[in-house]
Amino acid sequence: MAEPLSNGAAYQSVPESYVLPADKRPGSLPSSAAAIPVVDLGGDDPDRIVKQIMDAGREFGFFQVINHGVPGQVMGEMTSSAEEFFGLPTEEKMVHYSTDSKKLPRFHTSIGNEQEKLLYWRDCLKLGCYPLEQFRQQWPQKPARLRAALEAYTTAVRAVALRLLRLTAAGLGLDEGHFDGELTAGPVIMNVNHYVPCPEPSLTMGLAPHCDPNVVTVLADNGVRGLQARRRGGGGGWVDVEPLPGALVVNFGHQMEVVSNGALRGGEHRVVTNARAARTSVATFVMPAMCCAVAAAPGMVPDGEAPKYRPFTYQEFVGAYAAAAGDRDAVLARFQNKE
């Protein structure tokens, strides 16, 4: 069993199990010439908002959202109570420790399975969050304010995600409610991530490059840098996601790329570490029901052409995603249309 990094050890060097092969390390610093787009949900010009989302979705599959309507107090309570969880005494956190990927809630380190040979510099608390009545009683009882923070934050952030999906549907020329129903009927899952300061950030990663398997992910953090997104054009380099005060970070998942027939990009991202400050992030995943049939939406495939990806169920996709360890190209290759 890998010892969670937040359990109090003082690391003067990176343990061997966290040292990645040279070709898996962060490499050179990302270009600062590009910036992750910002989508302003304020105002009364939906056409402007839709254009901002579409432009960001084509280039990065990533954007930051301001004027989103989630109160600053709700976001602050969520991130601070999350930080407080990782600061609990070891015996209180380890009650939730498991390497069973199906268990909720689940506290683990790295990816959290027993087969890992190389570890990533991350602890994680994985939670089921919505429907509230299904998951509320499963949430950790400590810290005392975590449950109230989870309920308020989940409700507010899910509403933002659904609003963004309605705007995205409009930008794709689809019915506004296209993403309602089974495409967003799965449980809302949350990864509360914690990255303790790393003595040698060049040797390891917080998370490897990947795209999320779901439809859309909404993230809040404590303002410490570490998240990077890959740009589609301009050489495809890594770009720092500079945390904006009060902003939410949004990325599209693989299902958006399939539904849009490649018009929008599933946002590829990774997490690098730093030696100075702990980073805590709260990633909320909106996903289809497992039985949902996923395919390119009507109108997204030009006449006379086949869709880029064959139809599948979300359950089939999740199985392939796990088998490919989240590798973007390997996952999508399994569903590319061969017709």
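Every value quoted in this text rests on a predicted model; they were computed, and no experiment measured them. Throughout, residue positions are numbered sequentially from 1 according to the sequence presented.
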J.: Starting from Leu244, walk the hydrophobic network (Ile, Leu, Val, Met, Phe, Trp, Tyr; side-chain heavy atoms closer than 4.5 Å) and list everyone else you reach, by chain and number.
T.: Val38, Ile66
J.: With side-chain contact (heavy atoms from CB on, under 4.5 Å) as the criterion, how do Ile36 and Phe60 come out once you've worked through the C-alpha distance, each side chain's angles and the decisive distance to 0.1 Å?
T.: CA-CA 8 Å; Ile36 299 300; Phe60 285 102; 3.8 Å; yes
J.: Got Val259 and Met300 here, is their nearest side-chain heavy-atom distance under 4.5 Å?
T.: no
J.: Pro298 versus His178: any side-chain heavy-atom pair under 4.5 Å?
T.: yes
J.: I'd like to know if the side chain of Asp40 reaches the main chain of Gly42, judged simply by a donor and an acceptor atom lying under 3.5 Å from each other, with no hydrogens or angles considered.
T.: yes
J.: Measure from the side-chain N and O atoms of Tyr309 to the backbone N and O of Gly262, and report whether any donor-acceptor pair falls under 3.5 Å.
T.: no
J.: Would you confirm whether Arg48, through its side chain, and Gly43, through its main-chain N or O, come within 3.5 Å as a donor-acceptor pair?
T.: no
J.: Nearest 0.5 angstrom please: Ile189 CD1 to Asp212 CG, how far?
T.: 13.0 Å
J.: Treating Arg106 as the side-chain partner and Ser98 as the backbone partner, does any N or O pair qualify as donor plus acceptor under 3.5 Å?
T.: yes
J.: Indicate, with yes or no, if Met190 and Tyr130 share a hydrophobic cluster defined by side-chain heavy-atom contacts under 4.5 Å among Ile, Leu, Val, Met, Phe, Trp and Tyr.
T.: yes
J.: Could you state whether Tyr11 and Val14 fall into the same hydrophobic cluster, counting links through intermediate Ile, Leu, Val, Met, Phe, Trp or Tyr residues with side-chain heavy atoms under 4.5 angstrom apart?
T.: yes
J.: Angle between ring planes, His96 versus Phe85, binned at 30° and 60°: parallel, tilted or perpendicular?
T.: tilted
J.: I need the minimum non-hydrogen distance between Pro187 and Met287, along with the two atoms involved.
T.: O-CG, 3.4 Å
J.: Given 3.5 Å as the limit, does a donor-acceptor pair link the side chain of Arg279 with the main chain of Val224, or not?
T.: yes
J.: Could you give the distance from CG (Leu88) to OG (Ser6), rounded to the nearest 0.5 Å?
T.: 9.0 Å
J.: According to a 4.5 Å side-chain heavy-atom criterion applied to Ile, Leu, Val, Met, Phe, Trp and Tyr, with indirect links allowed, do Leu248 and Val50 form part of one hydrophobic cluster?
T.: yes
J.: Just wondering, do His108 and Arg122 contact through their side chains at under 4.5 Å, heavy atoms?
T.: yes
J.: Where do Ala2 and Tyr97 come nearest, in terms of heavy atoms and distance?
T.: O-OH, 3.1 Å
J.: Any chance you could measure Met54, atom CE, to Leu264, atom CG, to the nearest 0.5 Å?
T.: 4.5 Å
J.: When rounded to the nearest 0.5 angstrom, what distance separates OG1 in Thr273 from OH in Tyr18?
T.: 12.0 Å
J.: Checking the side chain of Gln64 only, and the main-chain atoms of Glu242 only, is there a donor and an acceptor separated by less than 3.5 Å?
T.: yes
J.: Just how far is it from atom CZ of Phe179 to atom CG of Leu162, taken to the nearest 0.5 Å?
T.: 11.5 Å
J.: Hey, does His269 have a side-chain heavy atom less than 4.5 Å from the side chain of Val249?
T.: no
J.: When you compare the side chain of Ile49 with that of Val39, does any pair of heavy atoms fall below 4.5 Å?
T.: yes
J.: Kindly indicate, with the supporting measurements, whether the criterion side chain to side chain donor-acceptor pair (under 3.5 Å) is fulfilled by Thr184 and Arg158.
T.: CA-CA 10 Å; Thr184 52; Arg158 181 175 179 271; 5.8 Å; no
J.: Using 0.5 Å steps for rounding, measure from the CZ atom of Arg328 to the CD atom of Glu268.
T.: 6.0 Å
J.: Check the pair Asp47 / Lys51 against salt bridge (Lys or Arg N to Asp or Glu O under 4.0 Å), numbers first and verdict last.
T.: CA-CA 6 Å; Asp47 291 340; Lys51 183 179 186 305; over 6 Å; no
J.: If you take all heavy atoms of Arg265 and Phe252, which pair is closest and at what distance?
T.: O-CB, 3.6 Å
J.: List the atom of Ala283, the atom of Leu219, and the distance in Å for their closest heavy-atom pair.
T.: CB-CD1, 4.0 Å
J.: For Lys103, look at atom NZ and say whether over 12 heavy atoms of other residues, nucleotides or ligands are found less than 6.0 Å away.
T.: yes
J.: What are the two closest non-hydrogen atoms of Ser110 and Tyr120, and how far apart are they?
T.: OG-N, 2.8 Å
J.: side-chain contact (heavy atoms from CB on, under 4.5 Å) between Leu164 and Leu41: does it pass, once the steps are laid out?
T.: CA-CA 9 Å; Leu164 288 168; Leu41 288 183; 4.0 Å; yes
J.: Decide whether Leu174 and Val301 are clustered together by the hydrophobic rule: side chain heavy atoms of Ile, Leu, Val, Met, Phe, Trp, Tyr closer than 4.5 Å, transitively.
T.: no
J.: Is there a donor-acceptor pair closer than 3.5 Å between any side-chain N or O of Arg270 and the backbone N or O of Pro26?
T.: yes
J.: Let me see the working for Val271 and Tyr195 under side-chain contact (heavy atoms from CB on, under 4.5 Å), right down to the final yes or no.
T.: CA-CA 9 Å; Val271 177; Tyr195 309 89; 3.6 Å; yes
J.: Taking the side chain as C-beta and beyond, is there a heavy-atom pair between Cys291 and Glu182 under 4.5 Å?
T.: yes
J.: Distance-only, no hydrogens or angles: does the Gln255 side chain make a donor-acceptor pair with backbone N or O of Pro213 under 3.5 Å?
T.: yes
J.: Write down the atom of Met78, the atom of Leu150, and the distance for their closest heavy-atom approach.
T.: CE-CD2, 3.7 Å
J.: Is any side-chain heavy atom of Arg145 closer than 4.5 Å to one of Ser80?
T.: yes
J.: Please state whether the rings of Phe335 and Phe312 are parallel, tilted or perpendicular, taking 30° and 60° as the class boundaries.
T.: tilted
J.: Count the heavy atoms belonging to other residues, nucleotides or ligands that lie under 6.0 Å from CZ of Phe285, then report whether that count exceeds 12.
T.: yes
J.: What's the verdict on side-chain contact (heavy atoms from CB on, under 4.5 Å) for Phe86 and Leu125, showing C-alpha distance, side-chain angles and the deciding distance?
T.: CA-CA 9 Å; Phe86 292 102; Leu125 175 65; 4.3 Å; yes
J.: Between Asn113 and Thr99, do the side chains contain a donor N or O and an acceptor N or O under 3.5 Å apart?
T.: no
J.: Heavy-atom count check: over 12 atoms from other residues, nucleotides or ligands less than 6.0 Å from Asp23 CG?
T.: yes
J.: Checking the side chain of Asn222 only, and the main-chain atoms of Thr280 only, is there a donor and an acceptor separated by less than 3.5 Å?
T.: yes
J.: Tell me whether Thr204 contacts the main-chain N or O of Glu200 through its side chain, where contact means a donor paired with an acceptor under 3.5 Å.
T.: no
J.: Check for me, please, whether Leu5 and Leu207 land in the same ILVMFWY cluster - side-chain distances under 4.5 Å, paths through other members count.
T.: no
J.: Are more than 12 heavy atoms from other residues, nucleotides or ligands located less than 6.0 Å from atom CD of Glu91?
T.: yes
J.: Applying the side chain to side chain contact (heavy atoms under 4.5 Å, CB included) criterion to Trp121, which one of Thr109, Leu203, Val272, Val196 satisfies it?
T.: Val196
J.: Are the side chains of Lys24 and Met205 in contact, using a 4.5 Å heavy-atom criterion?
T.: no
